[in-house]
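Reviewing the structure listed below.
Source: prediction; values computed, not measured.
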Amino acid sequence: VDEVQVRPVSQQINATGTVSSPRSAVLSTAAAGLVHELHVDEGDRVSSGDLLVHLDSEIAELTLARIRAEARQRETSLQDARRRFAEAAEVGPDGGVPQTLVDSLRSEVQIAEAALAAAEAEANEQRARVEHHSIVAPFDGVITRRITEMGEWVNPGSGLLELVATTDLRFEFRVAQRFFRDITLDTPVEVSFDAMPDVGIPARVDAIVPVSDPGSRTFLVRLVADSPGQAPLAAPGMSVSAVFSMETGRSSVAVSRDALLRYADGRNTVWVIAENDGRPIVQERLVRTGLEFGGLVEITSGLEAGERVVVEGNESLRDGQTVTILNAGP
């Protein structure tokens with residue numbers, strides 16, 4: 001048996017949602033080319049910076065070598081122009097070198113400097129094109145889809161691989177709009193996963209998207225685990241359940257859910273402990289119920305605080321039956 005008590009009443013909302021990843025991307029290429037090397041497959045875990053795909057970059061590398069050679073040629077021309085200008089400026093008009101020639105050689109130096117800067121910029125641009133032939137992982141994650149194959153020609157923007165982060169997972173729920181004002185960032189919540197339905201982990205509300213879906217009349221609530229690594233069996237795309245607990249600001253009589261007997265015709269009853277000649281007997285009592293929370297059921301009428309109800313062994317009792325109370329507690 002258990003004693004009927006007045007308890008603070010909280011409202012619980014059960015919701016089903018989806019595990020989502022904070023990062024998910026279809027990796028594409030910024031250069032056209034033939035897939036030359038494919039270093040990963042579906043299911044492979046990669047780290048940020050790992051080389052995933054390499055396109056055939058032979059022509060781009062040859063072009064880069066030519067541009068760099070031209071840049072070295074421009075550098076040599078600049079050095080020669082500077083030497084000739086320095087010699088002419090040192091001699092000057094007093095030594096028989098006209099000022100116009102000195103000015104002309106100065107202009108040649110400036111032109112050579114500009115030509116070298118342009119050649120170096122072109123070399124950097126071509127180097128970037130060469131680097132675009134290598135696709136690296138932008139973040140840690142798992143390859144969930146391979147879209148390309150070796151020897152396939154790809155164009156800029158073509159999807160090659162899908163990469164999904166598997167750390168710092170989030171849990172997204174669509175909650176009925178009538179609870180929009182009830183759920184806050186401080187609302188306690190517990191989540192469980194299909195992989196471990198009997199184990200709940202504490203979570204916290206990370207974001208409430210204040211836009212209602214006009215089709216389902218729901219809004220999005222995003223949760224995160226209280227501590228990193230609490231959901232090792234969760235994976236993006238899995239279903240997840242949550243229980244939101246919201247205080248109502250009132251107290252009421254409540255009993256254990258096990259004390260309640262529900263009938264098909266809608267009746268709810270409990271077995272109450274009474275006394276007959278000093279011996280405990282049971283009496284069936286019709287009750288009205290309210291909210292359910294934390295394994296308890298609110299009783300709006302039919303019971304008073306301090307009464308005792310049967311919570312175990314109440315499946316086959318008869319009204320007025322004498323019983324033996326097994327537990328020594330209230």
Does atom [atom1] of [X] have more than 12 heavy-atom neighbours, drawn from other residues, nucleotides or ligands, at distances under 6.0 Å?
{"X": "Ile59", "atom1": "CD1", "value": "no"}
{"X": "Asp277", "atom1": "CG", "value": "no"}
{"X": "Arg204", "atom1": "CZ", "value": "yes"}
{"X": "Arg178", "atom1": "CZ", "value": "no"}
{"X": "Glu42", "atom1": "CD", "value": "yes"}

Using a strict cut-off of less than 4.0 Å between a Lys/Arg side-chain nitrogen and an Asp/Glu carboxylate oxygen, indicate whether [X] and [Y] qualify as a salt bridge.
{"X": "Glu108", "Y": "Arg84", "result": "yes"}
{"X": "Arg308", "Y": "Glu3", "result": "no"}
{"X": "Glu113", "Y": "Arg106", "result": "no"}

Given side chains that start at C-beta, do those of [X] and [Y] come closer than 4.5 Å, heavy atoms only?
{"X": "Val240", "Y": "Phe173", "result": "yes"}
{"X": "Val189", "Y": "Leu223", "result": "yes"}
{"X": "Val4", "Y": "Ile299", "result": "no"}
{"X": "Leu303", "Y": "Arg285", "result": "yes"}
{"X": "Val26", "Y": "Leu161", "result": "no"}
{"X": "Ile147", "Y": "Arg145", "result": "yes"}
{"X": "Glu190", "Y": "Pro202", "result": "no"}
{"X": "Val209", "Y": "Phe219", "result": "no"}

Check: Would Arg267 count as a cation-pi partner of Tyr263, with NZ or CZ less than 6.0 Å from the six-membered ring centre and within 45° of the ring normal?
Finding: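 Here Arg267 passes the 6.0 Å and 45° test against Tyr263.
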Exercise: do [X] and [Y] side chains pair donor with acceptor under 3.5 Å:
{"X": "Glu37", "Y": "His39", "result": "yes"}
{"X": "Arg45", "Y": "Thr166", "result": "yes"}
{"X": "Asp103", "Y": "Gln99", "result": "yes"}
{"X": "Thr18", "Y": "Ser20", "result": "no"}
{"X": "Gln126", "Y": "Thr63", "result": "no"}

Check: Given the rule in the side-chain contact (heavy atoms from CB on, under 4.5 Å) test, do Leu260 and Val309 qualify, once you have shown the distances and angles that lead to the verdict?
Finding: CA-CA 9 Å; Leu260 200 66; Val309 294; over 6 Å; no
Distance check, rounded to the nearest 0.5 Å: [X] atom [atom1] versus [Y] atom [atom2]?
{"X": "Met246", "Y": "Phe293", "atom1": "CE", "atom2": "CZ", "value": "13.0 Å"}
{"X": "Glu284", "Y": "Asn314", "atom1": "CD", "atom2": "CG", "value": "10.0 Å"}
{"X": "Met238", "Y": "Leu169", "atom1": "CE", "atom2": "CG", "value": "10.0 Å"}
{"X": "Gln79", "Y": "Thr76", "atom1": "CD", "atom2": "OG1", "value": "5.5 Å"}
{"X": "Leu296", "Y": "Arg257", "atom1": "CG", "atom2": "CZ", "value": "8.0 Å"}
{"X": "Ser301", "Y": "Leu286", "atom1": "OG", "atom2": "CG", "value": "7.5 Å"}

Check: salt bridge (Lys or Arg N to Asp or Glu O under 4.0 Å) with Glu70: which of Arg66, Arg74, Arg68?
Finding: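 Only one of Arg66, Arg74, Arg68 forms a salt bridge (Lys or Arg N to Asp or Glu O under 4.0 Å) with Glu70, namely Arg66.
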Heavy atoms only: give me the nearest [X]-[Y] pair and the separation to one decimal.
{"X": "Asp140", "Y": "Ser47", "result": "OD1-CA, 3.2 Å"}
{"X": "Ala137", "Y": "Leu163", "result": "CB-CD2, 4.3 Å"}
{"X": "Ala112", "Y": "Ala81", "result": "CB-CB, 4.4 Å"}
{"X": "Gly200", "Y": "Ser192", "result": "CA-CB, 4.4 Å"}
{"X": "Val9", "Y": "Glu298", "result": "CG1-OE1, 4.0 Å"}
{"X": "Leu38", "Y": "Met150", "result": "N-SD, 3.5 Å"}

So if you build clusters from Ile, Leu, Val, Met, Phe, Trp, Tyr with side-chain heavy-atom gaps below 4.5 Å, do [X] and [Y] land together?
{"X": "Ile183", "Y": "Phe180", "answer": "yes"}
{"X": "Val164", "Y": "Phe139", "answer": "no"}
{"X": "Ile13", "Y": "Val243", "answer": "no"}
{"X": "Trp271", "Y": "Val311", "answer": "no"}
{"X": "Val297", "Y": "Val1", "answer": "no"}

Next item on the list: Mind running salt bridge (Lys or Arg N to Asp or Glu O under 4.0 Å) on Glu275 and Arg279 for me, showing each step along the way?
Entry: CA-CA 5 Å; Glu275 286 192 2; Arg279 301 193 63 181; over 6 Å; no
Item checked: The single option from Asp56, Val154, Leu55 passing side-chain contact (heavy atoms from CB on, under 4.5 Å) against Leu34 ->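 When side-chain contact (heavy atoms from CB on, under 4.5 Å) is applied between Leu34 and each of Asp56, Val154, Leu55, only Asp56 qualifies.
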Margin query: Under the criterion side-chain contact (heavy atoms from CB on, under 4.5 Å), I'd like the reasoning laid out for Leu160 against Ile135: C-alpha separation, chi angles, the key distance, then a yes or no.
Written below: CA-CA 9 Å; Leu160 306 180; Ile135 292 84; 3.8 Å; yes
Note to self: The test is side-chain contact (heavy atoms from CB on, under 4.5 Å); show your working for Glu162 and Ser24 and say whether it passes.
What the structure shows: CA-CA 7 Å; Glu162 185 174 11; Ser24 177; 4.0 Å; yes
Next item on the list: Step through it carefully: locate the ring centre of Phe193, locate the ring centre of Phe171, and say whether they are under 6.0 Å apart.
Entry: yes
Margin query: If you apply the rule side-chain contact (heavy atoms from CB on, under 4.5 Å), what do you find for Val270 with Val310, and how did you get there?
Written below: CA-CA 7 Å; Val270 296; Val310 180; over 6 Å; no
Checklist line | Results of salt bridge (charged side-chain N to carboxylate O under 4.0 Å, His left out) for Arg23 - residues two or more places apart only | finding: none
Ignoring hydrogens and geometry, is there a side-chain-to-backbone donor-acceptor pair from [X] to [Y] under 3.5 Å?
{"X": "Gln321", "Y": "Arg318", "answer": "yes"}
{"X": "Glu152", "Y": "Glu149", "answer": "yes"}
{"X": "Asp206", "Y": "Val224", "answer": "no"}
{"X": "Ser158", "Y": "Asn155", "answer": "yes"}
{"X": "Thr322", "Y": "Ile281", "answer": "no"}

